Amino acid sequence: MTFLKTSVAKKVAMALSGLFLVLFILVHLAINLTLIYPGKEAFDAAVEFMGTNPLIQIMQPVLALGFIFHISMGIYLEWNNRSKRSVKYVNNNPKVASSWASRNMIWTGLFVLLFLIIHLLNYFVPFKTQEVSDHYVLVTGLFKSPVYTLIYVLAFISLGIHLSHGFQSAFQSLGTPRQKCHKFIVYSGNLFAFLVALGFSAIAIYFYFN
Amino acid sequence: MKLNLKIWRQAGPNAKGQMVDYKIDGVESDMSFLEMLDLLNEKLISKGDEPIAFDHDCREGICGMCSLYINGEAHGPDKLTTTCQLHMRRFNDGDTITIEPWRANAFPVIKDLIVDRSALDRIQQAGGYISVNTSGRTVDANNIPIPKKNADMAFDAATCIGCGACVATCKNASAMLFVSAKVAQFALLPQGRVEAAKRVQDMIAVMDAEGFGSCTNTGACEVECPKGISLTNIAILNKEFLLAQVK
């Protein structure tokens, strides 16, 4: 138990939960892309699979726990870290030494959380509680609202920024050999972050205009 | 050159501090930053004012005593440079320079610009050493083959002077770069492997207890470190800590 109380173990837990959520985003993006190509039939089949496959049903509460853990631990660590410097600098110039993304993980994360809540209310709750006849219509219909589409795009840009630091940070927390892998991890993390932001946003913008 | 200085003044650990403005004339561009403060202090003393307290010792960039948060950066604007090796040619006539102490709850202010960095000593005492019996039949260290890469990395880690710039610059006031350098310099060498698991756990336990924040891998510490201690050491620390759990 003393292991779990240490600051390093908490970072490892953030890294593992973050990478778990990365896998979820990958699956989600793959399903969403079927909205555009191949199209409605493939998307409906994917929704049917996600709604009925026993393994996915088991993973659903695990995923929810992953989200709850990553979010609550992230907020706790941010609050705890802020308490470690009671007297602030009068003149501080952090941008010379670190990236905006790395310093603002809490804000990009909280913005994604805000979107997550909207997304659950708009899509997941009706999906679970009501008889939705046509998921394709429900999903694409939401993108007719300019406000929803704007929030959606901003949320995924925010997630992209979050991932640009989070992805490589996770591997650093897990102690991957930095000299060998760091560049590869940073490049692949940035590429993944960019593709997630671009992929989700492009789908939303496509259906807004079509 | 003439300069406007804004300097943190605080009479004692529990006194309320504030930024105080000073104007100074006659600063030469070849003075070091600390010599500029010496000049200011001479003027203050001649006026009968209390001189500004600041830490310094070797003034050669190797002892780790000097500190100062200058214009929003630990050890000022130059990279790989301690405050004592920062020179006034880096500044221009008429510049305003803010000078603050390291800020972290684990580094309480003692007076003016001097902070108590003994928390780093206590982390070091928790495991930053190897236990070697030096009596009798000791083996020459050079008899043990060590890969050149490991020797170089261990040496680089060992160049940490414990100044605390990493803590001062970290948004979380984390001491991970310091602790990682002290862990890695031994973890990379055969002599250090014997106590590696206990060392990393003990040092992290004291690091947390001393009230430092946790590492969020922003990398600011590496950029501001006057000795260029690499984030590679933090990855080594994390790995060592995880491996220690399964031993």
Side-chain angles (χ1 to χ4, degrees), chain A residues 1-16 73-74 76-106 109 165-182 185-186, chain B residues 6 8 17 19 69-74 77 79 97-101 103-107 109 149 153 167-174 176 200-201 204-205 207-208 211-224 230-245:
Chain A
M1 277 311 284
T2 46
F3 162 70
L4 294 172
K5 283 183 186 156
T6 61
S7 58
V8 180
K10 292 190 184 97
K11 289 304 300 172
V12 169
M14 278 304 275
L16 290 174
M73 185 58 108
Y76 165 75
L77 283 172
E78 175 72 17
W79 168 81
N80 188 48
N81 283 335
R82 279 178 186 231
S83 73
K84 304 298 184 185
R85 178 173 289 131
S86 307
V87 184
K88 305 275 179 270
Y89 290 108
V90 174
N91 180 0
N92 197 12
N93 193 13
K95 64 178 181 293
V96 295
S98 59
S99 69
W100 189 90
S102 72
R103 294 193 307 274
N104 292 282
M105 291 297 278
I106 186 72
H165 175 70
F167 191 87
Q168 54 117 337
S169 177
F171 286 97
Q172 170 82 357
S173 292
L174 294 172
T176 50
R178 194 174 164 90
Q179 284 185 321
K180 285 181 197 151
C181 323
H182 183 62
I185 289 169
V186 169
Chain B
K6 292 177 183 295
W8 183 263
M19 297 299 280
Y69 214 70
I70 301 161
N71 280 350
E73 278 190 81
K79 297 297 161 239
I97 305 173
T98 56
I99 308 169
E100 297 173 75
R103 293 290 187 202
N105 293 2
F107 288 168
V109 172
K149 187 170 142 267
M153 283 171 71
V167 177
T169 200
C170 175
K171 79 178 187 71
N172 310 321
S174 167
M176 280 284 273
V200 67
Q201 294 182 88
I204 285 175
M207 175 186 85
D208 287 345
F212 293 101
S214 62
C215 175
T216 53
N217 305 322
T218 69
C221 52
E222 180 186 53
V223 176
E224 295 293 351
S230 163
L231 285 187
T232 300
N233 293 301
I234 296 185
I236 292 171
L237 172 82
N238 291 333
K239 188 186 83 183
E240 287 292 323
F241 183 71
L242 290 173
L243 287 177
Q245 308 310 318

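This is a predicted model, so every value here is computed, not measured. Residue numbers begin at 1 in each chain, while the letters A, B, ... track the order of the sequences.
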| message | At a 4.5 Å cut-off on heavy atoms, which part of B:Ile70 comes close to chain A: side chain, backbone, both, or neither? | response | neither
| Using a cut-off of under 4.5 Å for heavy-atom pairs, which of B:Ile234, B:Thr98, B:Leu231 has the most such pairs with chain A? | B:Leu231
| field | Structural part of A:Thr176 lying under 4.5 Å from a heavy atom of chain B | value | backbone
| query | Are any non-hydrogen side-chain atoms of A:Lys11 and B:Phe241 less than 4.5 angstrom apart? | reply | no
| field | Under 3.5 Å side-chain donor-acceptor pair for B:Tyr69 and A:Asn92 | value | yes
| field | Side-chain heavy-atom pair B:Glu73, B:Thr169 within 4.5 angstrom cut-off | value | no
| Portion of B:Ile236 that has a non-hydrogen atom of chain A nearer than 4.5 angstrom | neither
| So which part of B:Ala74 gets closer than 4.5 Å to some heavy atom of chain A, the side chain, the backbone, both or neither? | neither
| Is it the backbone or the side chain of B:Phe212 that comes under 4.5 Å from a heavy atom of chain A, or both, or neither? | backbone
| A:Arg103 versus chain B, the contacting section by heavy-atom distance below 4.5 Å | both
| message | Under a 4.5 Å cutoff for heavy-atom pairs, which residue among B:Gly17, B:Gly211, B:Gly219, B:Ala244 has the most contacts with chain A? | response | B:Gly211
| query | By a 4.5 Å heavy-atom criterion (distance strictly below it), what part of A:Gln168 contacts chain B: side chain, backbone, both, or neither? | reply | neither
| request: Assess whether atom NZ of B:Lys79 is packed by more than 12 heavy atoms of other residues, nucleotides or ligands within 6.0 Å. | output: yes
| Where does B:Pro101 contact chain A at under 4.5 Å (heavy atoms): side chain, backbone, both or neither? | backbone
| Portion of A:Asn80 that has a non-hydrogen atom of chain B nearer than 4.5 angstrom | neither
| message | Between A:Val12 and chain B, with a heavy-atom cut-off of 4.5 Å, which part of the residue counts as in contact: side chain, backbone, both or neither? | response | side chain
| field | Residues, nucleotides or ligands: over 12 heavy atoms within 6.0 Å of A:Lys88 NZ | value | yes
| For chain A, the option from B:Ala173, B:Pro77, B:Ala205 that forms the most heavy-atom pairs under 4.5 Å | B:Ala173
| query | Quick one: does A:Ser173's side chain have a donor or acceptor within less than 3.5 Å of a partner on A:Ser169's backbone? | reply | yes
| Under a 4.5 Å cut-off applied to non-hydrogen side-chain atoms, are B:Lys171 and A:Asn81 in contact? | no
| query | So what's closer than 4.5 Å to chain A heavy atoms on B:Asn71: side chain, backbone, both or neither? | reply | both
| said: For chain A, which candidate among B:Val223, B:Asn217, B:Thr216, B:Val167 shows the most heavy-atom pairs at distances under 4.5 Å? | reply: B:Asn217
| Does a sphere of radius 6.0 Å around NZ in B:Lys6 hold more than 12 heavy atoms from other residues, nucleotides or ligands, not counting ones at 6.0 Å or beyond? | no
| query | Using a cut-off of under 4.5 Å for heavy-atom pairs, which of B:Cys221, B:Gly213, B:Ala104, B:Ser214 has the most such pairs with chain A? | reply | B:Ser214
| message | What I'd like to find out is whether the side chain of B:Met176 reaches to under 4.5 Å of the side chain of B:Met207, using heavy atoms alone. | response | yes
| task | Would you tell me whether B:Asp208 and A:Thr6 have side-chain atoms, one donor and one acceptor, within less than 3.5 Å of each other? | result | no
| query | Is there side-chain contact between B:Ile204 and B:Leu237, with at least one heavy-atom pair below 4.5 Å? | reply | yes
| query | What part of B:Cys170 is in contact with chain A, defined as an atom under 4.5 angstrom from a non-hydrogen atom: side chain, backbone, both or neither? | reply | backbone
| message | Counting heavy-atom pairs under 4.5 Å with chain B, which one of A:Arg178, A:Gln172, A:Arg85 comes out on top? | response | A:Arg85
| task | Could you look at B:Val109 and say if it's the side chain, the backbone, both or neither that has a heavy atom under 4.5 Å from chain A? | result | neither
| query | Is the closest side-chain heavy-atom distance between A:Lys10 and A:Tyr76 below 4.5 Å? | reply | yes
